[in-house]
Number of protein chains: 2
Amino acid sequence: MKTGAARVPTFAGEECDMSTWDAGKCPVRDVMDQIAGKWSTLLLQALADKPYRFGELRRLVPDISQRMLTQTLRDLQRDGYIDRKVFPTKPPSVEYSMTPLGLSLFEPLKRVLDWAEANHASVKAARVKFDESELA
Amino acid sequence: MKTGAARVPTFAGEECDMSTWDAGKCPVRDVMDQIAGKWSTLLLQALADKPYRFGELRRLVPDISQRMLTQTLRDLQRDGYIDRKVFPTKPPSVEYSMTPLGLSLFEPLKRVLDWAEANHASVKAARVKFDESELA
DNA sequence: AGTGCTAGTCTCTTTTTGAGACCAAAGATC
DNA sequence: GATCTTTGGTCTCAAAAAGAGACTAGCACT
């Protein structure tokens with residue numbers, strides 16, 4: 001068998017040729033590669049609550065650099081999850097808010113985040129156990 | 001207001017001081033930082049189907065480097081999502097499989113992946129629209 | 001004896017990310 | 001009126017992470 005068309009059921013139950021899982025061909029990877037960023041879920045979570053301005057988000061997530069905040073927000077905007085409104089105030093202010101698409105994404109995403117919070121202890125325990133066995 | 005304790009509802013409905021969102025203190029970030037890797041969801045998806053061996057996974061995901069495959073698998077194992085079994089065959093083979101914890105995580109995660117597949121078209125459309133307006 | 005399979009590791013290069021300076025205009029401060 | 005602050009960024013440079021490919025070991029098959 002020479003890399004012969006390995007098939008794995010996709011999430012929707014259909015099949016997907018994983019050997020063609022180049023980020024552009026597989027819908028799931030194409031979408032997930034963006035969501036799976038270090039800051040994406042964090043910003044989506046914040047904006048799911050209410051709209052925020054650039055500076056507010058920067059203060060909200062203390063350890064994000066302005067550079068990555070700018071870039072992540074633009075990527076999320078590009079994929080249609082968030083909306084960017086510029087207000088022509090004295091120093092122009094910019095407000096970011098969720099789009100309907102972003103909110104619909106956040107629905108299932110929130111379940112994963114809920115899981116993370118609920119199972120944090122189990123994960124930490126697994127880590128300790130793993131690190132101990134590695135120590136040997 | 002000097003970075004005054006911004007509070008945002010957490011996923012479980014509780015509140016979480018986001019200014020203390022250092023990856024170690026916020027459970028969600030601690031867990032998500034691992035899951036949100038480029039390859040993590042991909043490998044979890046594959047293993048949710050059935051156990052795979054190292055080489056099988058490498059062939060399954062054509063554009064992952066051995067280096068990252070090794071590392072991602074070890075990280076997933078460390079967090080308790082997958083199990084690693086070594087068989088003392090002629091050339092020793094290693095089988096990776098989901099743990100109960102991993103399967104329980106994959107349940108909500110699958111919903112996000114389903115969403116990604118279902119809404120791929122909308123995302124692509126948003127990208128085109130964004131890129132066109134940028135062009136101006 | 002040579003080749004290939006296994007699951008990795010090691011090194012080197014390229015990409016991504018983080019830290020911090022810099023920007024321009026208006027308002028407040030002194 | 002000169003300076004400082006605040007706005008949302010961009011630009012540059014250093015550090016960290018990821019990708020590419022060579023290399024390892026023991027055994028089987030030819």
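Each chain gets a letter, A, B and so on, in the order its sequence line appears, and its residues count up from 1. All heavy atoms count here, side chains included; hydrogens, waters and symmetry mates do not.
A close approach under 4.0 Å does occur between a side-chain nitrogen or oxygen of B/R74 and OP1 or OP2 of C/dT9. Between B/K38 and D/dG19, a side-chain N or O to OP1/OP2 separation shorter than 4.0 Å is present. Here B/W39 reaches the OP1 or OP2 of D/dG19: one of its side-chain N or O atoms lies under 4.0 Å away.
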- Query: Given A/D63 and B/R29, is the salt bridge (Lys or Arg N to Asp or Glu O under 4.0 Å) satisfied, shown in steps?
  - Reply: CA-CA 12 Å; A/D63 55 346; B/R29 279 191 64 176; 3.0 Å; yes
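For A/S40 (side chain) and A/Q34 (main-chain N/O), a donor-acceptor pair under 3.5 Å exists by modelled atom type.
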Might you list the N or O atoms of the protein lying below 3.5 Å from N or O atoms in nucleotides 25-30 of chain C, with each pair's distance?
none

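Look at CG on B/L57: it is 12 Å from C1' on C/dA7, rounded to the nearest Å. Straight-line distance from the CG atom of B/D63 to the C1' atom of D/dG19: 11 Å, rounded to whole Å. Atom CG of B/D33 and atom P of C/dT17 are 13 Å apart (whole Å). Whole-Å rounding puts the B/L69 CG to D/dG21 C1' distance at 16 Å. For the pair B/I64 CD1 and D/dA20 C1', the interatomic distance rounds to 14 Å; values are reported in whole Å. Computed from coordinates, the A/M68 CE to C/dT15 P distance equals 17 Å when rounded to whole Å. In this structure, B/K85 places its NZ atom 19 Å from C1' of C/dT6, rounding to the nearest Å. Between B/E95 atom CD and C/dA7 atom P the separation is 11 Å, expressed in whole Å.
Nearest to the side-chain atoms of A/Q66 among the listed nucleotides C/dT9, D/dG8, D/dT7 stands D/dG8. Here the nucleotide nearest the side chain of A/R67, chosen from D/dA20, C/dA7, D/dC11, is D/dC11. Taking every side-chain heavy atom of A/R59 into account, D/dT7 is the closest of C/dT11, C/dA19, D/dT7. Here the nucleotide nearest the side chain of A/S93, chosen from D/dG19, D/dT7, D/dT12, is D/dT7. Of the listed nucleotides (D/dT7, C/dG18, D/dA20), D/dA20 has the atom at the smallest distance from the side chain of B/S65.
The shortest heavy-atom contact between A/Y81 and A/V31 is OH-CG1, 3.5 Å. Pairing each heavy atom of A/H120 with each of B/D30, the nearest pair is NE2-OD2, 2.7 Å. Closest heavy-atom contact between B/G37 and A/A36: O-CB, 3.9 Å.
Judged by the 6.0 Å and 45° rule, A/K85 forms no cation-pi pair with A/F87.
Nearest-nucleotide positions on DNA chain C place B/R58 closer to the 5' end than the other of B/R58 and B/T70.
Looking at heavy atoms from C-beta onward, A/R53 lies out of side-chain contact with A/Y96 at the 4.5 angstrom threshold. Side-chain contact between A/R74 and A/T70: present, with at least one pair of heavy atoms (C-beta onward) separated by less than 4.5 Å.
Counting non-hydrogen atoms of other residues, nucleotides and ligands closer than 6.0 Å to CZ of B/R127 gives a total above 12.
Screening A/I82, A/I35, A/D83, A/T99 for a side-chain contact (heavy atoms from CB on, under 4.5 Å) with A/L76, the sole residue that qualifies is A/I82.
B/F87 comes within 4.0 angstrom of no nucleic acid atom, judged by non-hydrogen atoms across all strands.
Taking a pair as Watson-Crick or G-U with both hydrogen-bonding distances under 3.5 Å, the stems of three or more pairs touching DNA chain C are C:1-5 with D:26-30, C:7-30 with D:1-24.
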